[in-house]
Amino acid sequence: MTKSNEVLIFDTTLRDGEQSPGATMTHDEKLEIAEMLDDMGVDIVEAGFPIASEGDFQAVSEIAKLAKSATICGLSRANYKDIDRCWEAVKHAKSPRIHTFIGTSPLHRAIPNLNMDEMAERIHDTVTHARNLCDNVQWSPMDATRTEWDYLCRVVEIAIKAGATTINIPDTVGYTAPVESADLIRNLIATVPGADEVVFATHCHNDLGMATANSLAAVEGGARQIECTINGLGERAGNTALEEVVMALKVRGDIMPFTTKIDTRKIMNISRRVATVSGFAVQFNKAIVGKNAFAHESGIHQDGMLKNRETFEVMRPEDVGLAGTSLPLGKHSGRAALRAKLNELGFDLADNQLNDVFVRFKDLADRKKEVFDDDLMALVTQNDTEDDRLKLKSLRVVCGTDGPQTADMVMEVDGTDVETSATGDGPVDATFNAVKAIFDHGARLQLYQVSAVTEGTDAQATVSVRMEEDGRIATGQSADTDTVVASAKAYINALNRLLVRREQSEPGYDVKGVSYKDA
């Protein structure tokens, strides 16, 4: 049991968040995000769905072994095979958890074609099996908010008696409203025998735009665990956003006297990293982490901010990991200044990482008058690696008002420089055609998105690309003062990630010394 005012943060970015179409992360990216979640104070990290694939199993297993403080949780359906596989993945964690679920609403009971009694028996048997393996078992009645009240009480009681230590009440399709969310949790705790001996959790989706409100209402009703994701990533319209509920509890402690263990100063850093690896850019007006969340343009607002920033800000930028001011660096700045600025922005880089960023920083500083905080963050979050099979060496694009555009490109392919020229309907199309001429592939471009990092004609452009090949999806991102160059790098980056996924899908692929074939 948790303290009466302590709310556990259960992050499911690596599981429910990754289920967003196009948001698939690589093995190493999952480990990196898990480490960041652990470091920022997340109580429970739902690392994946081990039965879903060999890759998911390996990622959950390694995250469990590397976790320092967080409980590591795996998801499983209500059958022995899923639960056994889940336990094999999480059992090496200092604090493992099995999370098993089944849909209990009339619509969801029809999927496995079980009547109420048959489902109740399955819940008893599978939760009991999970508890025999692990002392920490979470159970979820999927689509709980559309399940008949009497039946919901019945199955929650069965799960508690079978050994579940956390009862999660999911609003799976984002259907409920705040007053209902609070009443549902409150009435379950008051009605179900043994409810006061377990932790009640809330898992909300944002289909009607009420995920954060529903989660906070559930806490008012007695829930002491919130399931959420970074940037609200997740199925359809997404999940409850971790940054929103955490900061709401922090800022409005006067009416919501609850605490979390989250180090809020690390929110911006992980938000940017999740946006980069998932390929899902954060909308400018997104609460807490959006680019405009602490921006003030109107004269009245700016005047008020100059006199007292509390006139138009209910929290400090520093509270979520933003620098209070945006002080630019220039081409004469050294490594020490760069490291200090990056530390201020929440990035703690190893020496080799700093050296890599410093080289790109100097190159950018030669092309821009001033390098702002957002420019630096774009440099740090670029996801090129030394192991990439494809690398852009040079690009020259010729544009004209009449006729097609031409791209002359040199690209390194497995260590060998290859040169070509290609035409297209516009500079970006010509550039992408050049890449394909050098390295032929069957991937389909699903998304091409450009956004300016800072203002001005010398601003860096950040380009995001999402590509699909045989059901495998990969994203690429890059920033450059030249939009076409950024586009080429992002496109090549996505191709490199697809190549990694193609290799990982081959039989017998080995990751970190563990063979998929034998798992």
Side-chain angles (χ1 to χ4, degrees), residues 1-13 36-45 69-71 166 168-169 171 176-186 189 196 198-204 206 209-232 239-271 285-290 292-296 301 304-305 308-324 346:
M1 292 294 291
T2 60
K3 299 176 183 177
S4 60
N5 69 332
E6 182 185 338
V7 175
L8 301 175
I9 297 299
F10 178 113
D11 185 276
T12 184
T13 302
M36 296 175 77
L37 293 169
D38 195 0
D39 185 55
M40 77 183 293
V42 166
D43 297 281
I44 305 103
V45 174
S69 302
T71 293
T166 298
N168 177 47
I169 303 300
D171 183 28
T176 199
V179 65
E180 296 172 320
S181 181
D183 286 346
L184 183 58
I185 298 292
R186 185 180 296 114
I189 293 173
D196 56 344
V198 300
V199 174
F200 271 80
T202 179
H203 176 109
C204 300
N206 205 38
M210 295 189 284
T212 294
N214 284 333
S215 296
L216 295 173
V219 170
E220 291 282 0
R224 290 298 179 266
Q225 176 181 296
I226 297 176
E227 301 206 356
C228 46
T229 61
I230 301 297
N231 298 338
N239 288 34
T240 300
L242 178 148
E243 61 275 7
E244 292 179 13
V245 289
V246 167
M247 291 308 297
L249 292 174
K250 183 181 178 75
V251 173
R252 294 311 312 271
D254 56 328
I255 61 170
M256 294 181 289
F258 308 103
T259 62
T260 74
K261 296 176 183 175
I262 300 297
D263 182 348
T264 62
R265 296 168 299 177
K266 298 182 177 180
I267 284 175
M268 285 302 302
N269 191 13
I270 193 169
S271 169
N285 62 335
K286 167 75 173 65
I288 315 300
V289 293
N292 290 349
F294 294 94
H296 307 271
H301 283 228
M305 286 295 295
N308 182 350
R309 69 184 190 181
E310 290 184 4
T311 54
F312 290 106
E313 285 185 354
V314 298
M315 56 193 153
R316 302 182 308 158
E318 297 89 341
D319 290 339
V320 298
L322 280 171

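By convention here, the first residue in the shown sequence is residue 1. Please read these numbers as outputs of a predicted model, since none were measured by experiment.
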Would you please name every residue forming a salt bridge (Lys or Arg N to Asp or Glu O under 4.0 Å) with Asp43, sequence neighbours left out?
Lys261
Which residues pass the side chain to side chain contact (heavy atoms under 4.5 Å, CB included) test with Asn269, sequence neighbours left out?
Met36, Phe347
Sequence neighbours excluded, the answer for side chain to side chain contact (heavy atoms under 4.5 Å, CB included) partners of Lys286 is Ala241, Glu243, Glu244, Val282, Gln283, Val289
Strictly distance-based, threshold 3.5 Å: is any side-chain N or O of Arg224 a donor or acceptor partner for the main-chain N or O of Ser4?
yes
From NE2 (His203) to CD (Glu227), nearest 0.5 Å:
6.0 Å
Between Thr240 (side chain) and Ser215 (backbone), is there a donor-acceptor pair under 3.5 Å?
no
When Leu216, Asn5, Ile9, Thr259 are each screened for side-chain contact (heavy atoms from CB on, under 4.5 Å) with Leu249, the one that passes is Leu216
Once side chain to side chain contact (heavy atoms under 4.5 Å, CB included) is applied, do any residues pair with Ala218, and if so which ones, sequence neighbours excluded?
Ser181, Ile185, Thr202, Ala223
Separation between OG1 (Thr13) and CG (Asn239), nearest 0.5 Å, reads 8.0 Å
Kindly indicate whether the side chain of Ile226, heavy atoms from C-beta on, has any atom under 4.5 Å from the side chain of Phe10.
no
Within-4.5 Å side-chain heavy-atom neighbours: Val219 and Met256
no
For the side chain of Thr264 and the backbone of Asp319, is there at least one donor-acceptor N/O pair under 3.5 Å apart?
yes
Among all residues two or more places apart in sequence or in another chain, which pass the side chain to side chain contact (heavy atoms under 4.5 Å, CB included) test with Asp183?
Val179, Arg186, Asn187
Using the rule given for side-chain hydrogen bond (donor to acceptor under 3.5 Å, both in side chains), can you reason through Thr176 versus Asp171, listing the C-alpha separation, both sets of side-chain angles and the distance that settles it, and then say yes or no?
CA-CA 7 Å; Thr176 199; Asp171 183 28; 5.2 Å; no
For Thr229, enumerate each residue passing the side chain to side chain donor-acceptor pair (under 3.5 Å) test, keeping only those at least two apart in sequence or located in another chain.
none
Look at the side chain of Asp11 and the backbone N and O of Val42, then say whether any donor-acceptor pair between them is shorter than 3.5 Å.
no
Counting N and O atoms only, with roles assigned by atom type, does the side chain of Arg265 sit under 3.5 Å from a partner on the main chain of Glu318, one being a donor and the other an acceptor?
no
